[in-house]
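Note sheet for the following structure.
A quick note: this is a predicted structure, and the numbers were derived from the prediction, not measured.
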Amino acid sequence: MVSNTKKREASAAKVQVVPTTKEEEKMIKVDKWDGSAVKNALDDVAKKVMTQKLSYVEDHSLMDGRLAISLIACCLAMFAVVWDYLHPFPDSKPVLIICVISYFIMMGVLTLYVQFREKGCFMLALERDPTGVDPDNRWRLRSFIKRYDDVYNLTIIFEDGHTHKTREIHLEKSVASWYDDNGVLLTDLFEPEIVKLHNSLAAEKKEK
């Protein structure tokens, strides 16, 4: 009885009060002690600024690449299971060895892809040419928060569609600048920071 009561109390503590106003429905609230949740909420707002306020088109090619590698690895595992079912061990031993080795190779490829291709990029946005003649400019957003730290590090990278030259701008600021004591993200303070960084890079682009 005691354990069941504690479980019910713990579950009740996790229940959030349903918002009653439109402002509360849009409110983003996280556990301010959870670094991943804090970072992800900021990343989501940054993506929203790029797509909704700046009208850029999100490109999912980086995520598609990761999914493709994962799909190949899963197919190898499934093939091994099916082959072992049709040809019970030890007849299936050579095929199982090949599949296991191939699976771990694909996991290594995935690790390298995430580390050296994505490089912490959580969004790739395309700046379309209104005439449809010139190639798209690319905007990449990367971020991280070090463990046991409160500093949000954001990098916005601009890649010119013609020259493929890149420029970048950085933001390092405590998350306390955009979260209140209850863990509510103050988007009206954070969004202007993103727009300001973007405009700085855009101004350099026009000057050149």
Side-chain angles (χ1 to χ4, degrees), residues 13-14 16-17 19 23-67 70 107-108 110-127 137-160 164-208:
K14 294 180 181 179
Q16 300 265 340
V17 177
E23 289 185 358
E24 289 175 333
E25 289 176 359
K26 296 179 180 179
M27 183 177 66
I28 302 173
K29 185 176 182 180
V30 300
D31 179 2
K32 63 181 181 179
W33 304 112
D34 186 343
S36 296
V38 169
K39 174 189 172 300
N40 291 338
L42 292 170
D43 290 348
D44 289 341
V45 173
K47 290 170 66 174
K48 180 181 176 182
V49 171
M50 297 296 289
T51 55
Q52 296 185 12
K53 289 198 171 185
L54 300 174
S55 301
Y56 292 155
V57 179
E58 185 172 3
D59 184 357
H60 300 281
S61 58
L62 284 177
M63 181 59 69
D64 291 343
R66 188 198 301 186
L67 291 175
S70 300
M107 289 297 97
L110 180 61
T111 301
L112 294 174
Y113 180 86
V114 171
Q115 200 162 14
F116 296 103
R117 175 62 175 167
E118 291 187 358
K119 297 180 180 178
C121 179
F122 66 87
M123 183 186 190
L124 173 60
L126 302 179
E127 181 183 356
N137 295 325
R138 292 171 175 262
W139 295 81
R140 287 185 175 86
L141 278 68
R142 296 174 180 164
S143 69
F144 67 90
I145 296 179
K146 293 181 179 179
R147 195 175 184 183
Y148 306 124
D149 198 357
D150 68 332
V151 177
Y152 179 70
N153 296 266
L154 174 67
T155 301
I156 299 181
I157 304 168
F158 170 78
E159 180 183 346
D160 190 282
H164 298 290
K165 292 183 178 179
T166 61
R167 297 189 303 278
E168 58 185 57
I169 192 169
H170 304 275
L171 170 69
E172 294 183 15
K173 205 168 185 179
S174 171
V175 297
S177 304
W178 310 302
Y179 282 95
D180 66 12
D181 293 336
N182 297 316
V184 176
L185 176 55
L186 307 175
T187 56
D188 55 332
L189 297 180
F190 181 63
E191 290 181 358
E193 300 263 17
I194 304 301
V195 175
K196 183 179 178 181
L197 292 173
H198 167 271
N199 291 343
S200 296
L201 280 180
E204 292 180 20
K205 177 182 68 173
K206 291 179 181 179
E207 290 174 3
K208 296 182 180 181

Begin with the C-alpha distance, continue with both residues' side-chain angles, and end with the deciding distance and a verdict on side chain to side chain contact (heavy atoms under 4.5 Å, CB included) for Tyr113 and Leu62.
-> CA-CA 9 Å; Tyr113 180 86; Leu62 284 177; 3.9 Å; yes
Could you give me the CA-CA distance, side-chain angles and deciding distance for Val57 and Thr51, then say whether side chain to side chain contact (heavy atoms under 4.5 Å, CB included) is met?
-> CA-CA 6 Å; Val57 179; Thr51 55; over 6 Å; no
What do the steps show when you test Leu189 against Ser177 for side chain to side chain contact (heavy atoms under 4.5 Å, CB included), and what is the final call?
-> CA-CA 8 Å; Leu189 297 180; Ser177 304; over 6 Å; no
Val49 and Val195: CA distance, side-chain angles, deciding distance, side chain to side chain contact (heavy atoms under 4.5 Å, CB included) verdict = CA-CA 7 Å; Val49 171; Val195 175; 3.9 Å; yes
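Expressed to the nearest 0.5 Å, how far CG of Leu42 lies from CD of Glu193 amounts to 10.5 Å. In this structure, the separation between CD on Glu159 and CG on Leu201 is 13.0 Å, given to the nearest 0.5 Å. If you take NZ on Lys48 and OG1 on Thr187, they are separated by 6.5 Å, rounding to the nearest 0.5 Å. Rounding to the nearest 0.5 angstrom, the gap separating the CG atom in Leu126 from the CZ atom in Arg138 is 5.5 Å. To the nearest 0.5 angstrom, Asp43 atom CG is 7.5 Å from Leu154 atom CG. A distance of 8.0 Å separates CG of Asn153 from CD1 of Ile145, quoted to the nearest 0.5 Å.
Taking the six-membered ring where the residue is Trp, Tyr152 and Phe190 present perpendicular rings, their angle passing 60° and hence far from 30°.
By the 4.0 Å N-to-carboxylate-O rule, Arg142 lies too far from Glu168 to be salt-bridged with it.
Counting all heavy atoms, side chain and backbone alike, Ala41 lies closest to Val30 at CB-CG1, 4.0 Å. Heavy atoms only, all atoms of each residue included: Val38 and Tyr179 are closest at O-OH, 2.9 Å. Considering every non-hydrogen atom in both Ile194 and Ile156, the closest pair reads O-CD1, 4.4 Å. Summarising the geometry of Ala46 relative to Leu141, their closest heavy-atom pair is CB-CD2, 3.9 Å, with the distance given to 0.1 Å.
Side-chain contact between Thr155 and Ile169: absent, with no pair of heavy atoms (C-beta onward) separated by less than 4.5 Å. Met123 has its side chain out of reach of Tyr56: every pair of non-hydrogen atoms, C-beta onward, lies at least 4.5 Å apart. Annotation: side chain of Lys146 is not in contact with side chain of Val151 (no heavy-atom distance under 4.5 Å). Residues Trp139 and Leu54 have side chains not in contact (no heavy-atom distance under 4.5 Å, counting atoms from C-beta outward). Inter-residue side-chain proximity for Val114 and Leu110 is flagged as met; some heavy-atom pair is nearer than 4.5 Å.
The backbone N or O of Asp181 sits less than 3.5 Å from a side-chain atom of Lys32, completing a donor-acceptor pair. Between the side chain of Asn182 and the backbone N or O of Val184, no donor-acceptor pair lies under 3.5 Å.
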